[in-house]
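Structure first, then comments.
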Amino acid sequence: MNYWLMKSEPEVFGIDHLLNMPQRTEHWDGVRNYQARNMMRDQMRLNDRVFFYHSNCAEPGIVGLMRVSREAYPDFTAFDPNSNYHDPKSDPDQPRWYMVDVTYERHLKRNISLRELKPYADGPLAGCPLLRKGNRLSIMPMSPEQWDFILGLE
DNA sequence: GCCAACGTTGGC
DNA sequence: GCCAACGTTGGC
């Protein structure tokens, strides 16, 4: 069992969007970063647990929980010329980009903001990529200890 | 293989 | 809207 954090802009696809999808499930498309892709493709496993993080908004932070409900498969939006995520260099016979499916589990009882987590960067959350300066990864691993600590703040 | 230019992310 | 940080691209 692995633990993850995945970022999305609430205006584009927020946790309420996921909640309202059929089966409360959606594919996590549009990842166009190799490091993030490798983690999805090589390490994410069915039923892994995931924090849903809202980025680029008034109060960035963790807003809910999801589970991985389908392991990595080719991100078909890369093949679609009409998609924002179109990448002509991704060949259907040799896909460059992958995605997983995620399923909504629950909202946190309250949002746990980045601002609230920052003071723990030198303590319980030391080494957590979320708190590393300049971090831009949209998908990052969490240790079980970090996961438990953050949920404990709820 | 280096590295400057460029584009993107994402907090503020 | 600004801008720091970082990844990618492409000329050489």
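Below, all heavy atoms of this structure are taken into account, side chains as well, without hydrogens, waters or symmetry copies. Values in this document were obtained by computation on a predicted structure and should not be read as measured data. Naming: A, B, ... by sequence-line order, numbering from 1 per chain.
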Only distances under 3.5 Å count here; give the side-chain donor-acceptor pairs of residues 7-22 of chain A to other protein atoms, sequence neighbours excluded, each with its distance to 0.1 Å.
residue: A/Lys7; atom: NZ; partner: A/Leu137; partner atom: O; Å: 3.1
residue: A/Ser8; atom: OG; partner: A/Phe13; partner atom: O; Å: 2.6
residue: A/Glu9; atom: OE2; partner: A/Asn56; partner atom: ND2; Å: 3.3
residue: A/Asp16; atom: OD1; partner: A/His107; partner atom: NE2; Å: 3.1
residue: A/His17; atom: ND1; partner: A/Gly14; partner atom: N; Å: 2.7
residue: A/Asn20; atom: ND2; partner: A/Asp16; partner atom: O; Å: 2.8

Please table the atom pairs, donor to acceptor, closer than 3.5 Å between any side-chain atom in residues 122-132 of chain A and protein atoms at least two apart or in another chain.
none

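Rounded to an integer number of Å, the gap from A/Met140 CE to B/dT9 P is 14 Å. In this structure, the CG atom of A/Leu130 is 11 Å from the C1' atom of B/dG11, given to the nearest Å. Rounded to a whole Å, the CD atom of A/Glu116 is 15 Å from the P atom of B/dG11. B/dG10 atom C1' lies 14 Å from atom CG of A/Asn33, rounded to whole Å. In this structure, CZ of A/Phe13 is placed 16 Å from P of B/dG10, rounded to the nearest angstrom. A/Lys133 places its NZ atom 11 Å from the C1' atom of B/dG11, with the value rounded to the nearest Å. Summarising the geometry, the separation between NE2 on A/His54 and P on B/dG11 is reported as 12 Å, rounded to the nearest angstrom. Atom P of nucleotide B/dC12 and atom CG of A/Asn135 are separated by 12 Å, given to the nearest angstrom.
Partners of A/Arg70 according to the salt bridge (Lys or Arg N to Asp or Glu O under 4.0 Å) rule, which considers only residues two or more places apart in sequence or in another chain, do not exist here. Applying the salt bridge (Lys or Arg N to Asp or Glu O under 4.0 Å) test to A/Arg37 and every residue at least two apart in sequence or in another chain returns nothing.
The closest donor-acceptor contact from the side chain of A/Asp101 to the backbone of A/Glu71 lies at 3.5 Å or more, if one exists at all.
Between A/Lys7 and B/dG10, a side-chain N or O to OP1/OP2 separation shorter than 4.0 Å is present. Within the structure, a side-chain polar atom (N or O) of A/Tyr53 is placed less than 4.0 Å from OP1 or OP2 of B/dG11. Between C/dT9 and A/Lys89, a contact under 4.0 Å exists linking OP1 or OP2 to a side-chain N or O.
Nucleic acid contact class of A/Leu137 (heavy atoms, under 4.0 Å, all strands): sugar-phosphate only.
Closest approach to the A/Arg96 side chain among B/dG10, B/dG11, C/dT9 is made by C/dT9 (side chain taken as heavy atoms from C-beta onward).
Hydrophobic cluster membership differs between A/Tyr85 and A/Tyr98, with clusters built from Ile, Leu, Val, Met, Phe, Trp and Tyr side chains linked at under 4.5 angstrom.
Closest of all the heavy-atom pairs between A/Met142 and A/Trp147 is CE-N, 4.5 Å.
Side-chain contact between A/Leu114 and A/Ile62: absent, with no pair of heavy atoms (C-beta onward) separated by less than 4.5 Å.
Residues A/Thr77 and A/Asp75 have side chains that bring a donor and an acceptor to within less than 3.5 angstrom of each other.
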Contact pattern, 5' to 3', of nucleotides 2-8 of chain B - B, S or - by protein heavy atom under 4.0 Å
-----BB
Give DNA chain C the dot-bracket treatment, 5' to 3': Watson-Crick (N1-N3 with N6-O4 or O6-N4) or G-U (N1-O2, O6-N3) under 3.5 Å, [ ] crossing, | other strand.
||||||||||||
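Each of A/Asn56 and A/Gly134 has a nearest nucleotide on DNA chain C; the 5'-most of these lies closest to A/Asn56.
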